[in-house]
Amino acid sequence: MPVYDRPVKNPQVSDNNAMNDNSAPVEFSVQFWGVRGNIATPGHKTVRYGGNTSCVEMRLGNQRFIFDGGTGLRVLGLDLLKQMPVEASVFFSHTHWDHIQGFPFFVPAFIPINHFHIYGAIAPDGSTIKERLSDQMVHPNFPVPMHVMQSDLKFYDLIPGDVITLSDGIKIETAPLNHPNMAVGYRVTWEGRTAVYCSDTEHFLDRFDNNVLHLARDADLLIYDATYTNEEYHDHKCPKIGWGHSTWQVGVEIAKKAGVKQIAMYQHDPSHDDDFLDRVQLELKAAFPHGVVAREGMVITLD
């Protein structure tokens with residue numbers, strides 16, 4: 001079991017995150033900075049839910065965790081400029097473009113006073129997370145190489161199934177997900193509360209994925225890949241079977257089976273505009289009252 005027992009060098013604690021007394025729990029919050037999959041979708045039809053690709057921030061007391069580095073990571077980075085110096089742990093589910101394309105534009109990584117701990121699984125071809133992030137920033141595809149980033153960057157290679165124990169009693173469980181070229185799901189537990197990041201995964205036609213059920217067990221919040229509807233997934237003209245993504249209806253079934261308290265549907269398809277997602281929200285509430293369709297800027301606090 002890997003153990004990364006390191007202190008936070010530069011904790012950033014706002015007043016609403018501090019303990020007011022010995023009995024008051026420290027806040028565990030989740031904020032969405034990018035909720036799209038595949039490709040960013042700016043425009044007037046995606047204003048309400050947002051068009052940036054995958055990026056979720058978790059704040060556990062004075063520690064900050066970032067999951068995936070799509071274009072939403074750029075927006076998060078601009079916000080962090082007001083809070084420097086910054087230290088954060090960044091966990092990548094995988095390195096398909098929509099999950100890493102914001103990393104070269106993450107401004108805090110270029111500033112020497114900041115510190116980032118970057119985690120990712122070794123790819124099927126043997127490449128590390130550092131190698132893959134660096135590869136997207138070399139000529140002729142990008143003008144600025146990764147070594148120009150002057151912050152303190154530390155890289156950690158994961159094997160799906162690892163359990164990571166961090167300081168302050170934070171436990172992060174990992175598991176492989178059913179996605180082309182592999183992806184990793186994360187279960188974050190602290191102070192008796194649990195949030196699960198389960199992006200880019202596909203259910204099986206004859207059963208639920210036991211890895212997903214294990215990660216999601218009794219979670220306070222499940223962030224789930226809901227790229228498609230069941231109708232789109234099984235469309236006889238253009239089925240999405242084998243594409244590595246799930247549906248919001250399957251997400252509801254998994255949440256019920258795993259005893260999840262709240263689910264956030266995530267990784268929206270580029271073709272799903274605001275009106276479409278409004279309709280999904282209505283159907284979702286009818287099927288699972290504590291379900292939400294994730295939108296940029298949304299903050300969920302785990303009580």
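Scope of the values below: all heavy atoms of this structure, side chains included, with no hydrogens, waters or symmetry mates.
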Sidechain-backbone polar pair: Glu296 side chain, Phe32 backbone, donor-acceptor under 3.5 Å: no
Gln101 side chain to Thr53 side chain, donor-acceptor N/O pair below 3.5 angstrom: yes
Flag side-chain contact, heavy atom, 4.5 Å: Met265 against Val292: no
Interatomic spacing from CG in Asn210 to CG in Leu215 - rounded to 0.5 Å: 11.0 Å
Trace of the side-chain hydrogen bond (donor to acceptor under 3.5 Å, both in side chains) decision for Trp33 with Glu57: CA-CA 7 Å; Trp33 294 93; Glu57 178 190 21; 2.9 Å; yes
Arg74 side, atom CZ; Phe103 side, atom CZ - distance, nearest 0.5 Å: 16.0 Å
Check: Ile254 and Val260 side chains under 4.5 Å, non-hydrogen atoms: no
Gly50 backbone acceptor or donor facing Arg36 side chain under 3.5 Å: yes
Over 12 foreign heavy atoms within 6.0 Å of CD1, Ile159: no
Lys261/Asp220 ion pair, N-O < 4.0 Å: yes
Residue Ile39 excluded, over 12 heavy atoms near CD1 under 6.0 Å: no
Thr227 (side chain) donor-acceptor with Gln267 (main chain) under 3.5 angstrom: yes
Test item: Cys198 and Leu177 side chains (from C-beta on) under 4.5 Å apart, heavy atoms: yes
Ring-ring centroid check Phe116 Phe106, cutoff 6.0 Å: yes
Flag, side chain of Asp157 to backbone of Ile122, donor-acceptor distance under 3.5 Å: no
Pairwise distance OH(Tyr266) to OH(Tyr224) - rounded to 0.5 angstrom: 14.5 Å
Separation of Leu73 CG from His99 NE2 (nearest 0.5 Å): 13.0 Å
Positive for side chain to side chain contact (heavy atoms under 4.5 Å, CB included) with Phe91, one of Val56, Ile172, Asp68: Ile172
Backbone N/O of Leu60 and side chain of Gln63: donor-acceptor pair under 3.5 Å: no
Where Gly244 and His179 come nearest, the two heavy atoms and their spacing: O-ND1, 2.8 Å
Ring centre gap for Phe92 and Tyr119 strictly below 6.0 Å: no
More than 12 heavy atoms from other groups under 6.0 Å of NE2 on His290: no
Any side-chain heavy-atom pair of Ile300 and Ser29 under 4.5 Å: no
Exceeds 12 heavy-atom contacts within 6.0 angstrom, atom NZ of Lys45: no
Validation row: Asn230, Trp248 side chains within 4.5 angstrom (heavy atoms): no
Pairwise distance CZ(Phe28) to CG(Leu221) - rounded to 0.5 angstrom: 8.0 Å
Under 3.5 Å donor-acceptor, Thr174 side chain and Asp162 backbone: yes
Lys240 NZ/CZ over Tyr233 ring centroid, <6.0 Å and within 45° of normal: no
Check: His96 and Asn181 side chains under 4.5 Å, non-hydrogen atoms: yes
Rounded distance (nearest 0.5 Å) linking atom NE2 of His268 with atom OH of Tyr228: 14.0 Å
Worked verdict on Arg59 versus Gln31 for side chain to side chain contact (heavy atoms under 4.5 Å, CB included): CA-CA 8 Å; Arg59 296 296 306 276; Gln31 183 163 0; over 6 Å; no
Note: Glu232-Lys237 ion pair, threshold 4.0 Å (strictly below): no
Any donor-acceptor pair under 3.5 Å from Asn114 side chain to Pro85 backbone: no
Ionic contact status for Glu87 with Arg64, cut-off 4.0 Å: no
Flag, side chain of Arg132 to backbone of Thr128, donor-acceptor distance under 3.5 Å: yes
With sequence neighbours excluded, residues passing side chain to side chain contact (heavy atoms under 4.5 Å, CB included) with Arg48: Asp274, Asp275, Asp278, Arg295
Pair Thr46-Asp273, side-chain hydrogen bond (donor to acceptor under 3.5 Å, both in side chains): steps then yes or no: CA-CA 5 Å; Thr46 58; Asp273 61 15; over 6 Å; no
Beyond-backbone contact of Ile111 with Met84, side-chain heavy atoms, under 4.5 angstrom: yes
Residues, nucleotides or ligands: over 12 heavy atoms within 6.0 Å of Asp303 CG: no
Check: Gly34 main-chain N/O paired with Asn52 side-chain donor or acceptor under 3.5 Å: no
Donor-acceptor contact below 3.5 Å, side chain Gln150 vs main chain Pro112: no
